[in-house]
Amino acid sequence: MLDSDRFLEILDRFPTVRLAVCGDFFLDKYLVIDPALNEPSLETGLDAFQVVNIRHSPGAAGTVTSNLAALQIGSIQAVGAIGDDGQGYELRQGLQRTGVDMTHLLVLEEIFTPTYTKPMVIQPDGSEQESHRLDLKNRRPLSEAVQERLLSELEAVLPEVQAVIIADQVAEEQLGVITPFVRDRVAELAAAHENVIFFADSRANAGDFRNV
């Protein structure tokens with residue numbers, strides 16, 4: 001049984017822990033809309049919604065790194081692939097704010113930074129209600145070259161960490177960072193590095209992981 005003294009002892013060790021998070025880094029972008037300011041578009045006649053505030057934060061694997069940062073984990077490494085675009089810039093800002101090391105995060109021109117854009121409509125009582133989400137995701141598989149680069153970055157970080165969290169966010173098997181090829185190589189790396197704990201979180205493919 002875990003008593004309070006043991007629990008506090010574990011918490012006290014968090015600042016010495018070194019982790020890597022490998023997987024699908026998304027941007028969560030919130031557009032706050034004030035419906036009282038709607039105006040008709042001159043081009044279409046449809047309502048033009050007026051955005052009065054913008055918030056953004058790391059999502060998916062970025063949510064994991066943010067939670068780890070809130071727990072005051074000592075070192076957090078990001079391993080993944082995002083686009084060289086505006087969404088990627090905002091995502092990197094969020095990761096930087098939470099102290100995440102992005103040395104092993106690939107920034108590529110050939111892909112989008114996956115983004116969940118969430119219109120938040122201000123209600124009469126001042127609260128916000130989420131409207132239809134707009135998803136920006138890559139619709140083509142990662143090239144074999146990018147998958148190999150990603151695995152090289154993951155292998156390079158292993159001597160620096162005590163554990164790796166695999167964040168497999170994208171349900172479509174070939175369209176995220178954690179492809180079947182990457183998943184198989186993760187199993188090999190986990191078997192070859194018994195001193196590193198591998199943990200996998202997957203929306204749709206948890207049963208396909210091995211040695212984690």
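Because the structure is a prediction, the values reported are computed rather than measured.
- In this structure, Val146 and Leu108 have side chains that are in contact, with non-hydrogen atoms separated by less than 4.5 Å.
- A distance-only check finds a donor-acceptor pair linking the side chain of Asp101 to the backbone of Thr103 [under 3.5 Å].
- Using modelled atom types, one side-chain atom of Asp24 and one backbone atom of Val177 make a donor-acceptor pair closer than 3.5 Å.
- Donor-acceptor pairing under 3.5 Å is lacking for the side chains of Ser57 and Asp28.
- For Ser75 (side chain) and Arg18 (main-chain N/O), no donor-acceptor pair under 3.5 Å exists by modelled atom type.
- More than 12 heavy atoms of other residues, nucleotides or ligands shown are found within 6.0 angstrom of CD on Glu110.
- Linking ILVMFWY side-chain heavy atoms closer than 4.5 Å, directly or via other members, places Leu142 and Ile166 in a single hydrophobic cluster.
- Looking at Asp3, its side chain does come within 3.5 Å of a backbone N or O of Arg6 through a donor-acceptor pair.
- Under the 4.5 Å side-chain criterion, counting only non-hydrogen atoms from C-beta, His132 is not in contact with Pro119.
- The shortest side-chain heavy-atom distance between Gln87 and Leu136 falls under the 4.5 Å cut-off.
- Of the possible donor and acceptor atoms, none in the side chain of Thr179 sits under 3.5 Å from a partner among the backbone N and O of Leu175.
- The number of heavy-atom neighbours closer than 6.0 Å to CZ of Phe199, taken from other residues, nucleotides and ligands shown, is 12 or below.
- Side chain of Thr115 to backbone of Thr113: a donor-acceptor contact under 3.5 angstrom is found.
- Between the side chains of Glu160 and Gln77, at least one donor N or O sits under 3.5 Å from an acceptor N or O.
- Of the listed residues (Leu68, Leu105, Val79), just one forms a side-chain contact (heavy atoms from CB on, under 4.5 Å) with Val21, and that residue is Leu68.
- Of the possible donor and acceptor atoms, none in the side chain of Asn53 sits under 3.5 Å from a partner among the backbone N and O of Val32.
- In this structure, the side chain of Asp84 does not engage the main chain of Glu109 through any donor-acceptor pair within 3.5 Å.
- Without hydrogens or angle criteria, Asp168 side chain to Ala206 main chain gives no donor-acceptor distance under 3.5 Å.
- Between Arg55 and Glu128, at least one side-chain nitrogen of the basic residue sits less than 4.0 Å from a carboxylate oxygen of the acidic one, meeting the salt-bridge criterion.
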